[in-house]
Amino acid sequence: MAPSRGPQTLARTLHQTLSNHRGPVHVVRYSKGSAKYVLSGGQDRTVRLWNPDLGTEIKKFEAHGYEVLSIAVSHDNTKFASSGGDRSVFVWDVTAGVTTRRLAGHMSKINAVELNADATVLASGSYDATVRLWDLRAPARAPIQILDEARDAVQTLHVDATTIISGSVDGYVRTYDLRKGELRSDFIGQPVTSVAPSADGTTLLVSTLDSHVRLFDMSSGKLLNDFTGHNHTSYRCRACFGHEEATVICGDEDGRVWAWDLVDAAVFQPNPPPKVHDKVITWTEHHPVDAGEMITASADGTVKVWRQPS
């Protein structure tokens, strides 16, 4: 675990409000690299590309027939994948603004989609309780593998070079080691809404519908820390690491953004934090390189860009 790096502050100053979506926004993701852009998806069936610094919408991607629940951006920002109520994963060309592939096979809505590091493999997790793996280089449209161990909806995924981590409503986090062909199941005991491994892969942050965010040791499955105070019992909320993984951040169902010290799990002041969205905060994501910026998406129809006062 990273050592505590002295007093940390959270980006709590509102920089921009992105409010073009009609209805709830389910997901917002930073672009890769210097992360100068964000992509959001929502109930209105659109994916929107924004400049979060200026607060302007650059492009609107329209092809989904149902709500958009998940977005994954490729390493080079040339394409992204989106999924939701359509039962197909849509792969998009960012510049052209059109879909280049539609991957069909799931029996129900697709809650989560993720790409591997070079965007050759895509993983999708569905309400149908399966994870499907797709080879984006192959002309065939069938999945290369179906992981069907979950007993209820798959809500969240993480993909890296050798492992796939899935979190399900059945209360399990499952870690698939693709190289060894092994599966490890860790029973959390509550519906899992997000999983986020640390950059070095040694720890895993898990949010669940009992208003807990827990930090686990990846190799042993041992509970390292438990973060509480927030209200999270009904909706998919996402917890993430803050800058340099010194903090843990999670938006909750009351519209508040909570932050804790990674090491001692102390809540950052003010406690409770201010209500900054009118409805549940569906997604929270910290800027990948900038210490002083994060984004939140909410069922209130907005995406908000937060910065530390300069």
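Remark: side-chain polar atoms of Thr247 are not paired, donor with acceptor, to backbone N or O of Ala259 under 3.5 angstrom. At distances below 3.5 Å, at least one donor-acceptor pair connects side-chain atoms of Arg184 with backbone N or O atoms of Met218. In this structure a side-chain-to-backbone donor-acceptor pair under 3.5 Å is missing from Thr284 to Ala239. Between the side chain of Lys304 and the backbone N or O of Val276, at least one donor-acceptor pair lies under 3.5 Å. A donor-acceptor pair under 3.5 Å links the side-chain atoms of Asn111 to the main chain of Val154, judged by distance alone. Put simply, the side chain of Asp152 never gets that close to the backbone of Asp170: no donor and acceptor are under 3.5 Å apart. Distance alone, capped at 3.5 Å, is enough to place a donor-acceptor pair between the Thr100 side chain and the Val91 backbone. Formation of a donor-acceptor pair under 3.5 Å by the Glu285 side chain with backbone atoms of Tyr30 is found in this model. Side chain of Ser298 to backbone of Val280: a donor-acceptor contact under 3.5 angstrom is found. The backbone N or O of Leu204 sits nowhere less than 3.5 Å from a side-chain atom of Ser198 that would complete a donor-acceptor pair.
The nearest pair of heavy atoms linking Pro274 to Arg12 is CD-NH1, 4.3 Å. Heavy-atom minimum distance, Ser207 versus Cys237: OG-O, 3.4 Å. When all heavy atoms of Ser211 and Thr233 are compared, the pair lying nearest together is OG-CG2, 3.6 Å. Contact record, Gly65 with Asp86: N-OD1, 2.9 Å, taken as the closest heavy-atom pair. Ser220 and Asp217 get closest at one heavy-atom pair: N-OD1, 3.0 Å.
A salt bridge links Asp53 with Arg307: the closest approach of a Lys/Arg side-chain nitrogen to an acidic carboxylate oxygen falls below 4.0 angstrom.
A donor-acceptor contact closer than 3.5 angstrom links the side chains of Ser82 and Trp92. In the model, His158 has no side-chain atom that pairs as donor or acceptor with a side-chain atom of Glu114 under 3.5 Å. Under the 3.5 Å distance criterion, with hydrogens and angles disregarded, a donor-acceptor pair is assigned to the side chains of Asp76 and Thr78.
Between His64 and Phe90, the angle of the ring planes stays under 30°, which puts this pair in the parallel group of the 30/60° scheme. Ring geometry, Trp260 versus His230: the interplanar angle exceeds 60°, so the pair is classed perpendicular (tilted spans 30 to 60°). Ring planes of Phe80 and Phe61: perpendicular class, angle over 60° (limits at 30 and 60°).
Lys59 NZ: more than 12 foreign heavy atoms inside a 6.0 Å radius. A 6.0 Å sphere centred on NZ of Lys275 holds more than 12 heavy atoms belonging to other residues, nucleotides or ligands. The local environment of OH in Tyr127 is sparse, with at most 12 non-hydrogen atoms from other residues, nucleotides or ligands closer than 6.0 Å.
For the pair Leu157 and Val195, the minimum side-chain heavy-atom distance is 4.5 Å or more. Looking at Arg214 and Thr208, their side chains come closer than 4.5 Å, going by heavy atoms from C-beta outward.
The structure places OH of Tyr235 at 13.5 Å from OG1 of Thr193, a figure rounded to the nearest 0.5 Å.
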Item to check | Asn231 and Asp252: CA distance, side-chain angles, deciding distance, side-chain hydrogen bond (donor to acceptor under 3.5 Å, both in side chains) verdict | outcome: CA-CA 6 Å; Asn231 175 28; Asp252 79 355; 5.6 Å; no
Checklist entry - When you look at Thr296 and His277, which way does the side-chain hydrogen bond (donor to acceptor under 3.5 Å, both in side chains) test go after all the steps? => result CA-CA 9 Å; Thr296 53; His277 280 282; 2.8 Å; yes
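Tested against Thr9 for a side chain to side chain donor-acceptor pair (under 3.5 Å), the candidates Gln308, His243, Gln269 yield a single pass: Gln308.
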